Amino acid sequence: MAVSVSAPVLPLCFHQSGEQSSRLAYIQQKRLSPGRNSRSSIGFGAEKVRKSRVRAPVCRAVPPLLFKDLDADDFRHPLDKQNTLLLRAIPGLNEFGKALLGSATEQIMLLENIGTSVLVSKNQLSDLHGLLVEAAEILNIEAPDLYVRQSPVPNAYTLAISGKKPFIVVHTSLIELLTRQELQAVLAHELGHLKCDHGVWLTFANILTLGAYTVPAFGQMIARTLEEQMLRWLRSAELTCDRAALLVAQDPKVVVSVLMKLAGGCPSIADQLNVDAFLEQARSYDKASSSPLGWYIRNAQTSQLSHPLPVLRAREVDEWSRSLEYRSLLKRANRISTLENV
């Protein structure tokens, strides 16, 4: 969202260790066009940022709040709680899932991602690694592995395989589309899946839905029975993880901006998009779908989706950011210790 100011805001850059960056940085939210200044780290942040920089975090006006005692149920969406209980109550679901989640399937999924992606570390895409580590610290969770994968489809996903360290995969087109703050919000969203133990459920859901159709008769019957409930759970889990993104971004407009760009953004127009206009669009959608016919169309539009509509997710984030529940979490949080030697 474009904001008119009389002079550039010069926030301090706070690193994981709480150290101040050696210089003040005015981080431009406008994305660099592809191919320009190829030396900038993964295309984010200020132009002419040095690659030698260690753990370049999101630049904030103040150090971020850390949720040292954060529990998943502190931010879990009510629909997530409800639909998780419904899934766990289905007789035979775990047993059927174990039959589909064999070691061969897990190994295929693991090797597919390792063999076709770049593993992020301190020595490989260190800026991106810093964003992940900071987000994990804020949410009080161990940072998983992170891979970057070449793809024209903006996407990120999490896989948790039994006995293996979970990992997040981010597509290159998503990196090109988002600012540093927005990208960290996406990573926080994926960390939310792990914080809430969604990771195994997500992997299970994908394999169950796809694999059950390959089993004659019985498998098809189960798949038809589970499909609606599984998709309903997936949609509610996404609402929970949008809250995790907000806890890390600590600015609802950052999270809403991600959703807006996923709905209709591209690098060439990203700096022209307006968060407030998108939230107004979300409110107009609610109004248009409030009639009996609108309600029916809305349900038909979303019943087969794995994710809620972007406008609905944006509205949920905006509403939760103004809730007493969110404010109480912020009051419980601890801010990173003040800068030393300044």
Side-chain angles (χ1 to χ4, degrees), residues 1 29 44 57-60 64-67 70-80 128 130-144 146 154-158 160 166-171 174-175 177-199 202 234-263 265 270 273 275 278-279 282 306-323 325-330 332-333:
M1 183 186 66
Q29 295 304 312
F44 284 94
V58 168
C59 286
R60 306 171 187 261
L65 295 170
L66 303 182
F67 301 91
L70 184 67
D71 184 80
D73 284 337
D74 290 337
F75 63 93
R76 196 187 302 268
H77 195 280
L79 291 177
D80 185 6
L128 189 56
L131 294 178
L132 174 67
V133 171
E134 182 180 71
E137 184 179 359
I138 291 172
L139 292 176
N140 193 27
I141 183 175
E142 181 182 355
L146 174 62
N155 194 23
Y157 55 90
T158 301
F167 58 92
I168 297 170
V169 179
V170 178
H171 288 177
L174 186 63
I175 294 174
L177 179 62
L178 304 179
T179 67
R180 290 176 57 80
Q181 284 183 298
E182 293 163 355
L183 182 58
Q184 188 176 56
V186 169
L187 295 175
H189 175 102
E190 298 305 322
L191 289 171
H193 283 304
L194 298 176
K195 182 76 175 180
C196 297
D197 291 327
H198 288 163
L202 286 171
L234 286 171
R235 291 192 296 270
S236 62
E238 292 300 311
L239 297 178
T240 291
C241 294
D242 286 343
R243 292 181 171 189
L246 177 58
L247 290 176
V248 170
Q250 296 167 21
D251 181 353
K253 290 191 175 182
V254 172
V255 183
V256 173
S257 182
V258 173
L259 300 170
M260 176 177 59
K261 289 181 178 180
L262 290 175
L273 294 171
V275 169
F278 190 68
L279 287 172
S306 61
H307 289 59
L309 296 174
V311 290
L312 299 181
R313 294 172 66 181
R315 181 207 62 195
E316 286 280 342
V317 168
D318 181 58
E319 290 182 352
W320 196 62
S321 72
R322 291 181 279 105
S323 69
E325 183 181 11
Y326 175 68
R327 291 176 184 175
S328 65
L329 282 174
L330 294 182
R332 284 171 41 193

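Remember, predicted model here, so these are calculated numbers, not experimental data. Reckoned from all heavy atoms, side chains included, excluding hydrogens, waters and symmetry mates.
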**OP:** Using only heavy-atom distances, determine whether the side chains of H189 and E238 contain a donor-acceptor pair under 3.5 Å.
**Re:** yes

[X] versus [Y], closest heavy-atom pair with distance:
X    : Y    : result
P308 : L239 : CG-CD2, 3.9 Å
A185 : V255 : CB-CG2, 4.5 Å
L177 : E182 : O-OE1, 4.5 Å
Q250 : P64  : OE1-CA, 3.7 Å
L329 : F67  : O-CE2, 3.3 Å
L279 : A314 : CD2-O, 3.8 Å

Heavy-atom distance under 4.5 Å between the side chains of [X] and [Y], does that happen here?
X    : Y    : result
H198 : T158 : no
L273 : S257 : no
V170 : L128 : no
L191 : L132 : yes

Roughly how far, to the nearest 0.5 Å, is [atom2] of [Y] from [atom1] of [X]?
X    : Y    : atom1 : atom2 : answer
T240 : W320 : OG1   : CH2   : 9.5 Å
R243 : Y326 : CZ    : OH    : 11.5 Å
D242 : D318 : CG    : CG    : 12.5 Å
H193 : L234 : NE2   : CG    : 8.5 Å
E190 : I168 : CD    : CD1   : 5.5 Å
L262 : H307 : CG    : NE2   : 9.0 Å

Original post:
Between E134, Q184, Q181, which is the residue that forms a side chain to side chain contact (heavy atoms under 4.5 Å, CB included) with V248?
Top reply: Q184

Subject >> Flag if over 12 foreign heavy atoms under 6.0 Å of CD, E142 >> reply: no

Original post:
If only atom types and distance count, is the side chain of K195 paired as donor or acceptor with the main-chain N or O of L70 below 3.5 Å?
Top reply: yes

